[in-house]
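Remarks on the structure that follows.
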Amino acid sequence: MGFLTGKTAIITGAGRAVLSDGRCGSIGYGIATAYAKEGANLVITGRNVKKLEDAKEELERLYGIKVLIIQADVNAGADNEAVVANVIKQTVDTFGGIDVLINNAQASASGVTLAEHTTEQFDLALYSGLYAAFYYMKACYPYLVKSKGTVINFASGAGLFGNFGQCAYAAAKEGIRGLTRVAATEWAKDGINVNIICPLAWTAQLEQFEKAYPEAFKENVKMPPAGHYGDSELEIGRVCVQLASPDFKYLTGETLTLEGGMGLRP
């Protein structure tokens with residue numbers, strides 16, 4: 001029996017991805033793995049069905065939990081409330097409720113300077129990240145009230161530090177940071193635990209960013225003092241497990257930051 005046996009978690013952007021060396025290359029999949037090890041049933045969403053199918057096969061085979069996969073893409077051209085409502089309906093129809101919502105999905109045109117950014121690129125970051133978190137939080141709220149559940153959002157230091165070539169990404173993440181703080185204030189009375197994590201993990205996306213935009217990578221991505229980047233499962237995923245466990249309910253209404261995958265700072 002794990003911490004989360006019998007619980008249901010929605011994790012956006014949780015398709016399976018691997019690094020060039022074969023290790024886990026996705027924060028969302030790292031979280032899904034950590035949750036599966038603790039017995040949670042999962043709803044994972046994303047744009048790439050093959051990556052979702054690969055994640056489902058591996059998680060169910062290795063950990064004996066049930067995984068529902070749903071292709072879902074919040075974007076400027078979609079009926080996004082309907083997209084999210086479909087995810088929530090399938091989740092509740094399959095598992096009966098929602099205990100944890102993890103808003104991890106985020107796309108962006110990192111490496112493109114502000115002067116060169118197009119409206120479409122700006123929309124890509126805001127819709128996939130900020131708007132998605134907004135729609136999912138609203139839609140999940142009635143179920144989280146019933147379960148006294150948990151919301152975990154993801155932000156970044158990109159806005160705080162003014163990262164080169166990340167104007168839309170930084171704007172989306174700063175919006176998510178503000179949204180999370182407001183929800184933590186408003187939902188504390190409902191017993192809903194709302195937190196945000198700002199990780200620096202070595203992912204397939206970051207690996208690709210280094211190859212495509214080496215100058216922007218060198219300018220923005222600094223090695224943490226501990227000498228290694230965060231591990232998607234063992235550090236970030238395990239923190240997400242802790243934030244959803246009963247022992248962490250005393251933190252309701254607080255915001256935690258995971259700095260470079262190296263630890264918690266309240």
Side-chain angles (χ1 to χ4, degrees), residues 12-15 17-21 24-30 45-48 51 72-78 80 83 102-136 153-182 196-232 236 255 257-262:
T12 68
V18 295
L19 296 167
S20 58
D21 63 6
C24 178
S26 160
I27 289 177
Y29 190 63
T45 74
R47 294 180 292 180
N48 189 311
K51 289 183 178 181
D73 180 18
V74 175
N75 64 76
N80 292 307
V83 168
I102 301 177
N103 285 305
N104 165 72
Q106 178 71 66
S108 72
S110 290
V112 180
T113 64
L114 190 155
E116 296 172 326
H117 238 76
T118 67
T119 299
E120 290 74 19
Q121 289 171 330
F122 202 78
D123 282 346
L124 172 67
L126 261 65
Y127 276 88
S128 65
L130 177 57
Y131 274 101
F134 169 69
Y135 287 124
Y136 274 101
N153 291 334
F154 278 78
S156 168
L160 293 176
F161 304 118
N163 285 4
F164 177 90
Q166 291 193 308
C167 68
Y169 177 80
K173 290 305 189 184
E174 287 303 290
I176 292 170
R177 192 192 307 276
L179 180 68
T180 304
R181 289 186 180 277
V182 171
I196 195 161
I197 296 176
C198 304
L200 178 55
W202 190 249
T203 64
Q205 189 173 27
L206 197 59
E207 196 172 57
Q208 292 164 8
F209 179 46
E210 181 183 28
K211 292 177 181 178
Y213 301 98
E215 291 185 7
F217 179 90
K218 184 177 179 180
E219 183 72 23
N220 294 326
V221 184
K222 309 300 182 183
M223 177 64 71
H228 72 280
Y229 297 101
D231 184 283
S232 295
I236 297 159
T255 299
T257 300
L258 180 65
E259 299 288 0
M262 298 303 116

_For the backbone of F154 and the side chain of K173, can you confirm whether one donor and one acceptor N or O come within less than 3.5 Å of each other?_
yes
*Verify, without hydrogens or angle tests, whether N80 (side chain) and N75 (backbone) share a donor-acceptor contact under 3.5 angstrom.*
yes
*Using a cut-off of 6.0 Å, state whether more than 12 heavy atoms not belonging to Y131 lie near its atom OH.*
no
*Closest approach of G157 and N163, non-hydrogen atoms and distance?*
O-OD1, 4.4 Å
*Of the non-hydrogen atoms in F122 and A171, which two are nearest, and what is the gap between them?*
CZ-CB, 4.0 Å
_Given 3.5 Å as the limit, does a donor-acceptor pair link the side chain of Q106 with the main chain of A125, or not?_
yes
*State the CG-OG1 distance between N103 and T12, to the nearest 0.5 angstrom.*
5.0 Å
*Where do S156 and A158 come nearest, in terms of heavy atoms and distance?*
OG-N, 2.9 Å
_I'd like to know if the side chain of R47 reaches the main chain of G13, judged simply by a donor and an acceptor atom lying under 3.5 Å from each other, with no hydrogens or angles considered._
no
*Does the S232 side chain pair with the main chain of G30, one donor and one acceptor, at a distance under 3.5 Å?*
no
*Roughly how far apart are I102 CD1 and T45 OG1, rounded to 0.5 Å?*
11.0 Å
*For I236 and P199, which heavy atoms make the closest approach, and how far apart are they?*
CD1-CB, 3.5 Å
*Roughly how far apart are L124 CG and T119 OG1, rounded to 0.5 Å?*
12.5 Å
*Could you state the interatomic distance from OH (Y169) to CG (L130), rounded to the nearest 0.5 Å?*
13.0 Å
_Using 0.5 Å steps for rounding, measure from the OG atom of S26 to the CG atom of N104._
6.5 Å
*asked:* Would you say CG of L160 has more than 12 non-hydrogen atoms from neighbouring residues, nucleotides or ligands within 6.0 angstrom?
replied: yes
*Compare all side-chain heavy atoms of Y127 with those of D73 and state whether any distance is below 4.5 angstrom.*
no
*Quick one: pull up CD in Q166 and CZ in F164 and give me the separation to the nearest 0.5 Å.*
10.0 Å
*Determine the minimum heavy-atom distance between L126 and A168, stating which atoms define it.*
CD1-O, 4.0 Å
*Looking at side-chain heavy atoms only, is the closest gap between R177 and C198 below 4.5 Å?*
yes
